[in-house]
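Taking it in order: structure first as structure tokens, then the write-up.
Letters A, B, ... mirror the listed sequences (proteins, then strands); counts begin at 1. Keep in mind that this is a model prediction, so the values were computed, not measured.
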Amino acid sequence: MPRVRPAHTRKRSMDEHEQPTTYDVHAVQSKWRAVWDELEPFRAGSAAPGPDGQPAEKRYALTMFPYPSGDLHMGHAEVTALHDVIARYWWQKGYDVLNPMGWDSFGLPAENAAFRNDEHPATYTYANIATQLDSFRNYAISFDWSRRFNTSDPEYYRWTQWLFLKFRERGLAYRKNSPVNWCPHDQTVLANEQVVDGRCERCGAEVTKRELTQWYFKITDYAQELLDGLDELEATWPARVVTAQRNWIGRSEGAHVTFEIAGHDPVTVFTTRPDTLYGATFMVVAADAPLAASLVTDEQRPALEAYLDEVRKASDIDRLATDRPKSGVPLGVTATNPVNGEQLPVWASDYVLADYGTGAIMAVPAHDQRDLDFAKAFDLPVRMVVDTGEDDPAATYVATTGDGTYVNSGPLDGLRDKAAGIRTIIERLEADGSGTGTVNFRLRDWLLSRQRYWGCPIPIVHCEKDGEVAVPEDQLPVLLPELRGADLKPQGVSPLAAATDWVEVECPTCGGPATRDSDTMDTFVDSSWYFLRYCSPQYTDGPFDVEAVRQWMPADIYVGGVEHAVLHLLYARFFTKVLRDMGMLDFSEPFAAQLNQGQVINEGKKMSKSLGNGVQLGSQLEEFGVDAVRLTLVFAGPPEDDIDWADVSPGGSLRFLQRAWRLSGDVTSEPGVDVGTGDVALRRVTARTVHDADELLASFRFNVVVARVMELVNATRKAIDSGCGPADPAVREAVEAVAVLLSLVAPYTAEEMWSRLGHEPTVARAGWPSVDPALLVTESVTAVVQVKGKVKARLEVSPDVSAADLEALALTDEAVVRAIEGQQVRRVIVREPNLVNIVV
RNA sequence: GCCCCUGUGUCCCAACCGGCAGAGGAAGUCGCCUUAAAAGCGAUCAGUUGCGGGUUCGAGUCCCGCCGGGGGCACCA
């Protein structure tokens, strides 16, 4: 394994008093890690009061906690390196920072590993946590480890269960029987969000449907609020997360319209275009909805059943193809159009979804392509009711969806305004009780039952006499039974169901025989409130101490992967709003700002075992050291961009760090020297760098900050070698600034520099360098003189030069005079103090 | 199909409110150091800002169209 060479002396002089030119990365790492373990510089609550005696302002730096699968990898390294720049910056700025970390430690991989190795899932889980904890410490992220916990700890999941029961008391957790996504490989149900392109997000197996009774959270009650809340997050959350959530919630405005059906209950449809009601020529209900079975005539029943068999055979992947031909069967009944009394044939088809809207639609083939395709397939009538000026859809089979003049539409005829048309029809429907304006959401309730072992047990007991009974609070947590190895094999029901001793209990209400609910919760439940627990991780009287949460929340920044744009982030927002309604929180959004990091890739491709292009974090750390790897990740580009490891240079990062470190050995002035007497040119560079870094950090432009620090290092090197010399106080000021700025990214190097500059540890809490505003004002600027937009001259002028003076200076400049010679000056644009443009 | 983001030296990337296209790094080239090479140190090279049009005294930046790359939604009525 290649190692950084040990420190050696300069070749050009064998004098042993010469400064060494490199430091031993690994020796420095073990040295400072021990010092930090002693000092614990990052305890939340340890910031000094401000000069006015007031306690320091709080900052909560949150990063998505990991699942403990093996050791840390490049992805962890990147996200925590970026996150740590923010946390350490806040410490330097004097804030009191809460920067906690823990593990999202329930989940499938542990269970699979336990089955393979004939052990308990906890064995795998807690061994990996120990490994990752050690790696994080070595990686020098400024976490406050005193607050760590794991979601699989009974002290934690006790409160997950408690919250479940509170949600249930509020009617927000309920059971229903419905077709659910089923992963045949993992042998468990999946939420809609965990099905991607018809496949299991985790294992890639094709997802099928199953009819099961399952627990749901009623997130749809909060659909409107979850949507509205995005408005205030727009400024501080990545745009793609906000739009992804908006799309996912999928609000649409329209109307419920009720159609009478002779001999049946009336059927209500949802439509966004009630104004096209006169163009409805048939109705379609979802073939797999109970409604279809209840409407169908005896003559048509065999046809419907045959069709349903066909539909069920088609996988979700087939169903996702949007261009496949329309299919369906008539149900043999007709519905009455409430506005004109027309009898519309009712069909069943799989292009109508059972779980969106009411599971039934009115078909307006002239103005909806899907309905038109269906009408074409079964030769149903097409009636245009909005004349857009385009060809009649009945002839072209191209539905028109634009604005136009209403025709064949009774009271709407001749009207051109779509909004007015919609309003008119809704008013009419509401007047005669056959419909109402309404809003519909794409968002479905959150399916949370999982048929797995390694998760949070659902604290419910099923009793024949009393039905669903909540486990009393004083009996929480419902602990997992001890199962291992083959007991965990997926078998279609939760492994818990087979643990007879555990399942069979007395009913808490009547004392009679009862069974525990044997499903466990989706792990997204665990992660929907962990950020609250960090505020008071040892609290025993509730999930969190309300006062501690008031002190720290909301999180000021949440750093993590964009893959959680709609899953975790939506659920966490939902939990926050429910807890607020329970009176436990006084805010509605948990994460004030968000930063999504890109991925680390290699040679243009995602790193994977099958491609054999993986870059091991461990080997990079061994070869280049923690600081160089962190610096490389931060410097590679904007945080949200992907980093191609083939494009970056950890060796270059290490070289830079050594160069920066070397400066600290060259400084010959003493700590505390009066910098006011130092070289002004260098002082200006230092002041400008510190000032700009402040602004750049606030907008997460960490790569530019690093570039600016490199500039400062280069300028300082020059000042030492061929400028004011190593003894000048400005050199000390510059190098101290470099140490503090570098402490955000390269804490070991920064600490070593700080120590060589004669300071006590730790540089991490040294404080942000102060900047004399006078040094930010330049005494002269370069004004550019353009003739017809081309630069002809440069003038050194005072920054507060007047427009008239600058114009006069420009017009008398020799080069300018030459350039405009013989031409008519038509206009002179002056933008003092930077620019003069002469139009000829 | 619809929506969003993006395109700057060989490569990764900077460029405030429209005002000198270049901060930083990598690679290349040339030196210094070395018996030599690597490493290190120093210097240096690098352009029709994807294409076409428009607005403007002036466009990498704003507007329109196209092309390439990335992402979201997609039978959601």
Across all strands shown, which nucleotide pairs with [N] by Watson-Crick or G-U wobble geometry, both distances under 3.5 Å?
N      : answer
B:rG1  : B:rC73
B:rU49 : none
B:rU44 : B:rG28
B:rA14 : none
B:rG60 : none
B:rA38 : none

Nearest whole angstrom, please: distance from the [atom2] of [N] to the [atom1] of [X].
X      : N      : atom1 : atom2 : result
A:N837 : B:rC57 : CG    : C1'   : 5 Å
A:K376 : B:rC75 : NZ    : C1'   : 17 Å
A:L633 : B:rC13 : CG    : C1'   : 16 Å
A:E640 : B:rG69 : CD    : P     : 22 Å
A:D644 : B:rC13 : CG    : C1'   : 14 Å
A:L570 : B:rG72 : CG    : P     : 16 Å
A:H256 : B:rA77 : NE2   : C1'   : 11 Å
A:L353 : B:rA77 : CG    : P     : 10 Å

Need the glycosidic conformation of B:rC17: syn if within 90° of 0, anti if not. Which one?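 This nucleotide is in syn.
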
Would you kindly compare A:V839 and A:R251 by the position of their nearest RNA chain B nucleotide and give the one closer to the 5′ end?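 First, find each residue's nearest nucleotide; the 5'-ward one identifies A:V839.
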
Where each residue is assigned the nucleotide of RNA chain B containing its nearest heavy atom, which of A:D721 and A:D371 is assigned the position nearer the 5′ end?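 In this pair, the answer is A:D721.
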
Write down the distance separating the [atom1] atoms in [N] and [M], rounded off to the nearest Å.
N      : M      : atom1 : value
B:rG60 : B:rG18 : P     : 13 Å
B:rU35 : B:rG42 : C1'   : 23 Å
B:rU56 : B:rA74 : P     : 44 Å
B:rC67 : B:rC57 : C1'   : 32 Å
B:rC11 : B:rU49 : P     : 14 Å
B:rU61 : B:rG24 : P     : 24 Å
B:rG25 : B:rG58 : P     : 36 Å
B:rA14 : B:rA21 : C1'   : 11 Å

Got a sec, which residues hit salt bridge (Lys or Arg N to Asp or Glu O under 4.0 Å) with [X], two or more places apart in sequence or on another chain?
X      : value
A:D627 : none
A:E234 : A:R246
A:D371 : none

Tell me what [X] touches on the nucleic acid: a base, only sugar-phosphate, or nothing, going by heavy atoms under 4.0 Å.
X      : result
A:D373 : nothing
A:N703 : sugar-phosphate
A:E695 : nothing

Whether A:D692 and A:R688 form a salt bridge (side-chain N of Lys/Arg under 4.0 Å from carboxylate O of Asp/Glu) is what I want to check. yes

Who passes ring-ring contact (aromatic ring centres under 6.0 Å, His included) against A:F374, sequence neighbours left out?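 A:F374 satisfies ring-ring contact (aromatic ring centres under 6.0 Å, His included) with A:F282, A:W347, A:Y351, A:F378 only.
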
State which of B:rC57, B:rA77, B:rG72 makes the closest approach to the side chain of A:I829. B:rC57

Would you indicate which nucleotide in B:rC75, B:rA14, B:rA77 comes nearest to any side-chain atom of A:P638? B:rA14

So, OP1 or OP2 of B:rA77: does either fall under 4.0 Å of a side-chain N or O from A:Y356? yes

Closer than 4.0 Å, any side-chain N/O of A:R827 to the OP1 or OP2 of B:rC57? yes

Polar pair under 3.5 Å, donor/acceptor by atom type, side chain A:R831, base B:rG19: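 Per atom types, the contact qualifies.
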
Students often mix this up, so state it plainly: with edges at 30° and 60°, are the rings of A:W661 and A:Y23 parallel, tilted or perpendicular? tilted

Working for side-chain hydrogen bond (donor to acceptor under 3.5 Å, both in side chains), residues A:H367 and A:T400: CA-CA 5 Å; A:H367 306 297; A:T400 59; 3.0 Å; yes

Tell me, for nucleotides 24-30 of chain B in 5' to 3' order, what letter each nucleotide earns: B for a base near a protein heavy atom under 4.0 Å, S for only sugar-phosphate near one, - for neither? BSS----

Between A:W237 and A:Q245, a side-chain donor and acceptor under 3.5 Å: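 Per modelled atom types, A:W237 and A:Q245 side chains form no pair under 3.5 Å.
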
Hydrogens and angles aside, do A:T258 and A:T268 bring a side-chain donor and acceptor to less than 3.5 Å of each other?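 The answer is yes; a qualifying pair exists.
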
Qualifying salt bridge (charged side-chain N to carboxylate O under 4.0 Å, His left out) pairs with a residue from residues 635-645 of chain A, counting only residues at least two apart or across chains: none

